[in-house]
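Here's the structure we're looking at; comments come further down.
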Amino acid sequence: MSWAQSVTLCIQSGGMLTSVEDLVESNFLIEHADLYTSKTSGFWIGIYRNVNGQLLWQDNSALDFVNWGEGQPSGDELAFCVELSAATGNWSVLPCSSQRGFICKKPKIHSFLFTFYLFTDAKKDKASGHLNMWILLTLVLIILLGVGFMIYFSFKMKTGSGTGREVRWGSRQLEYSRALTAGDNGSDATNNKEKNEHSVV
């Protein structure tokens, strides 16, 4: 990857090309970069020279620590990029179009996560990206279906319980009307009884 492509991919993954703030961080990177010496000779890091010729880190951290290799940086070129050597951990200046791995730094809650990216087979990475997209799409679809079912059953329970109330209310009305009818029949029976008593007299 060129330096510009590396910057873009780091930003897309939520990070930036790494800054190296002290010797401890440099030793950590050297220890892990050494594992990849068979795949790449170096990794892009996030140091660059601005238009005023000043060296800066991409993440705007202070440039208090440097680990330049012997004779580096060479020249005063404005357009140069810096690699961390996978074998030695020293920094050196290279043309920005050179193909290297790169190290992204992603902020975490209490520490930093360093991610080493080695793009040796672009087709494999592209296929992996498509696979990840399909997995993400499937998960989103499952979540949407789950939310839809929850809303449906919640609505169904609310409307179902309302129908139950109406039925219970209707049955109470029916019982009440029966009681009234029975009460009317009872008063008719009382009237009939009184008539019978009067006729006996």
Side-chain angles (χ1 to χ4, degrees), residues 1-140:
M1 280 285 137
S2 70
W3 191 86
Q5 291 168 324
S6 301
V7 168
T8 302
L9 286 173
C10 279
I11 291 171
Q12 287 174 349
S13 69
M16 294 190 166
L17 282 178
T18 191
S19 56
V20 185
E21 297 176 18
D22 54 33
L23 184 60
V24 173
E25 197 169 15
S26 179
N27 288 337
F28 174 83
L29 291 172
I30 293 166
E31 180 182 320
H32 288 86
D34 188 45
L35 300 172
Y36 297 97
T37 53
S38 64
K39 298 188 181 196
T40 185
S41 61
F43 298 92
W44 292 123
I45 58 175
I47 196 169
Y48 69 97
R49 188 183 299 269
N50 69 7
V51 293
N52 298 327
Q54 183 181 12
L55 292 172
L56 301 170
W57 286 112
Q58 185 190 10
D59 65 3
N60 296 321
S61 57
L63 186 62
D64 295 334
F65 174 82
V66 293
N67 192 23
W68 294 110
E70 196 173 319
Q72 295 289 328
S74 59
D76 238 2
E77 310 94 9
L78 287 179
F80 75 81
C81 297
V82 178
E83 75 156 343
L84 175 134
S85 168
T88 66
N90 292 330
W91 304 351
S92 56
V93 174
L94 287 178
C96 296
S97 60
S98 300
Q99 299 297 303
R100 295 290 184 265
F102 57 99
I103 305 171
C104 291
K105 189 181 212 179
K106 295 181 183 182
K108 284 196 120 181
I109 296 171
H110 294 293
S111 63
F112 289 99
L113 171 69
F114 291 94
T115 309
F116 289 83
Y117 289 97
L118 297 173
F119 290 96
T120 54
D121 186 1
K123 290 181 182 177
K124 186 173 114 180
D125 293 331
K126 193 172 184 179
S128 174
H130 287 296
L131 178 63
N132 290 341
M133 181 193 65
W134 284 110
I135 290 171
L136 180 65
L137 186 63
T138 302
L139 287 174
V140 167

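Nothing here was measured: the structure is a model prediction, and the numbers come from that model.
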Apply ring-ring contact (aromatic ring centres under 6.0 Å, His included) to Trp57 and list each qualifying residue two or more places apart in sequence or on a separate chain. Trp91
If every non-hydrogen atom of Ile30 is compared with every non-hydrogen atom of Gly89, which pair is closest and at what distance? CG1-CA, 3.3 Å
Short question: side chain of Glu25, backbone of Glu21 - any donor-acceptor pair under 3.5 Å? yes
Has the side chain of Ser6 got a donor or acceptor atom that lies under 3.5 Å from a matching backbone atom of Ser2? yes
Between Ser13 and Cys10, what is the shortest heavy-atom contact and its length? OG-O, 2.9 Å
Would you find a donor on one side and an acceptor on the other, under 3.5 Å apart, between the side chain of Gln99 and the backbone of Ser97? yes
Gap separating the CZ atom of Phe28 from the CG atom of Asp22, nearest 0.5 angstrom: 12.0 Å
Do you know the tightest heavy-atom contact between Ala33 and Leu84? CB-CD2, 3.8 Å
Under the 3.5 angstrom rule, does the side chain of Gln58 hit a backbone N or O of Leu17 as a donor-acceptor pair? yes
Who are the side-chain hydrogen bond (donor to acceptor under 3.5 Å, both in side chains) partners of Asp59, not counting sequence neighbours? Ser19, Ser61
With a 4.5 Å heavy-atom cut-off, do Ile103 and Leu29 have their side chains touching? yes
Closest heavy-atom contact between Leu9 and Met1? CD1-SD, 3.6 Å
Is a donor on one side and an acceptor on the other found under 3.5 Å between the side chain of Glu83 and the backbone of Trp44? no
Closer than 3.5 angstrom, by distance alone: can the side chain of Asn90 be matched with the main-chain N or O of Glu70 as a donor-acceptor pair? no
Side-chain heavy-atom pair Tyr48, Val82 within 4.5 angstrom cut-off: no
Are any non-hydrogen side-chain atoms of Val7 and Phe102 less than 4.5 angstrom apart? no
